[in-house]
J.: 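The structure that follows is given in the form of C-alpha cells.
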Amino acid sequence: NGCWGNAEELNALLAALGSTMTLSGEGGGPLAVTNLNIISVPPITDGVSSIAVYYTGSVDPGSGVALGTIPDGDVVIGYEAIGSGSIVAVADSSMFGYVLDQADNEQFVLNLASF
C-alpha cells in the first residue's frame with residue numbers, strides 16, 4: 001500500500017508553513033477504489049459525505065485533524081489551522097482526476113478551491 005512521491009520536500013514545505021502534519025508514501029489506501037471515513041470540517045466538507053481515493057500515501061495529522069481516513073484507520077486527508085489560515089494535506093492525487101467523478105470528490109475539490 002501507499003503511493004506518494006516527494007514526501008521529504010512536501011514535509012519541508014509543511015514545516016516551513018508551521019504545520020505539524022507530515023506526508024508519507026507508507027500506509028494509506030490500497031490499489032483499489034476506497035471510500036474514506038470523513039470528519040466534518042466546514043466549509044471544506046459541506047455537501048460531502050463520501051470521498052473516494054485510489055492507491056494513496058498517508059498523512060500524520062500531528063496536532064491537526066484526521067479529516068479523511070481509510071476504514072482501517074490510516075489518514076489520507078489531514079486538516080490543520082495555522083495562525084489565521086488553514087492547511088489541507090491530501091495524500092492522493094487520483095481524487096483530483098482518476099476518481100474525481102466518484103463519491104463526493106467533485107464537491108470536495110470545489111470546496112477546496114473556494115476555501
J.: Determine whether E9 and L13 make a side-chain contact, defined as any pair of heavy atoms from C-beta on separated by less than 4.5 Å.
T.: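 The answer is no, as the side chains (C-beta and beyond) never meet within the 4.5 Å cut-off.
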J.: Applying the 4.5 Å side-chain criterion to the ILVMFWY set and letting contacts propagate, would Y98 and F96 be lumped into a single cluster?
T.: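 Yes, it is one cluster - the side chains of Y98 and F96 are joined through contacts under 4.5 Å.
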J.: Over all heavy atoms of both residues, which pair between T22 and L14 is shortest? Give the atoms and the distance, please.
T.: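 Closest approach of T22 to L14, heavy atoms only: CA-CD1, 4.3 Å.
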J.: Given 3.5 Å as the limit, does a donor-acceptor pair link the side chain of D92 with the main chain of T56, or not?
T.: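 Not confirmed, D92 side chain does not pair with T56 backbone.
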J.: Measure the CG-OG1 distance between L112 and T45 for me, rounded to the nearest 0.5 Å.
T.: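 Spacing of CG (L112) from OG1 (T45) equals 10.0 Å.
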J.: Apply side chain to side chain contact (heavy atoms under 4.5 Å, CB included) to the pair L17 and I82, showing each step before the final yes or no.
T.: CA-CA 8 Å; L17 293 171; I82 308 271; 6.0 Å; no
J.: Quick check for you: to the nearest 0.5 Å, what is the distance between I38 atom CD1 and D104 atom CG?
T.: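 Spacing of CD1 (I38) from CG (D104) equals 8.5 Å.
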J.: Rounded to the nearest 0.5 Å, what's the gap from OG1 on T20 to CG on D60? Could you check?
T.: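 Here the rounded value is 7.5 Å.
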J.: Do side-chain atoms of N11 reach the backbone of A7 as a donor and acceptor pair under 3.5 angstrom?
T.: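 Checking the backbone N and O of A7 against the side chain of N11, a donor-acceptor pair under 3.5 Å is found.
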J.: Kindly give the heavy-atom pair with the smallest separation between D74 and G28, and that separation in Å.
T.: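 Where D74 meets G28 most closely, the heavy atoms are OD2-N, 2.9 Å.
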J.: Have a look at V76 and tell me which of L67, V53, N37, T69 forms a side chain to side chain contact (heavy atoms under 4.5 Å, CB included) with it.
T.: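 In the set L67, V53, N37, T69, the residue that makes a side chain to side chain contact (heavy atoms under 4.5 Å, CB included) with V76 is V53.
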J.: Where do V88 and I77 land on the side chain to side chain contact (heavy atoms under 4.5 Å, CB included) test, with the steps shown first?
T.: CA-CA 7 Å; V88 178; I77 303 172; 3.9 Å; yes
J.: Of all heavy-atom pairs between A89 and M21, which one has the smallest distance, and what is that distance?
T.: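 Looking at all heavy atoms of both residues, the shortest contact is CB-CE, 3.9 Å.
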J.: Would you say L110 and V41 are hydrophobically clustered, going by side-chain heavy atoms of ILVMFWY under 4.5 Å?
T.: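 No, separate clusters.
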J.: I'd like to check the side-chain contact (heavy atoms from CB on, under 4.5 Å) partners of S114; sequence neighbours left out, ordered by chain and number.
T.: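 Checked S114 against side-chain contact (heavy atoms from CB on, under 4.5 Å); zero matches.
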J.: Between D46 and N111 (side chain of the first, backbone of the second, donor and acceptor by atom type, cut-off under 3.5 Å), is there such a pair?
T.: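 Pair absent, no side-chain N/O of D46 close to backbone of N111.
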J.: Write down the atom of A52, the atom of V99, and the distance for their closest heavy-atom approach.
T.: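 It is O-CG2, 3.4 Å.
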J.: Walk me through whether S63 and E80 qualify under side chain to side chain donor-acceptor pair (under 3.5 Å).
T.: CA-CA 7 Å; S63 61; E80 187 173 22; 3.1 Å; yes
J.: S24 side chain to S58 main-chain N or O, any donor-acceptor pair under 3.5 Å?
T.: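 No: the side chain of S24 does not pair with the backbone of S58.
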J.: Over all heavy atoms of both residues, which pair between Y54 and A32 is shortest? Give the atoms and the distance, please.
T.: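 Heavy atoms of Y54 and A32 come nearest at CD1-C, 3.3 Å.
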J.: Give me the atom names and distance for the closest heavy-atom approach of I39 to A66.
T.: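 So the minimum-distance heavy-atom pair works out to CG1-O, 3.2 Å.
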J.: Take atom CD of Q107 as the centre, draw a 6.0 Å sphere, and report whether it contains more than 12 heavy atoms from other residues, nucleotides or ligands.
T.: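 It does: Q107 CD has more than 12 such atoms within range.
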J.: Taking side chain as C-beta onward, heavy atoms only, is L36 less than 4.5 Å from I70?
T.: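 Yes - at least one pair of side-chain heavy atoms lies under 4.5 Å apart.
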J.: Between CZ of F108 and CD1 of I44, what distance do you get to the nearest 0.5 Å?
T.: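 Going from the CZ atom of F108 to the CD1 atom of I44 covers 6.5 Å.
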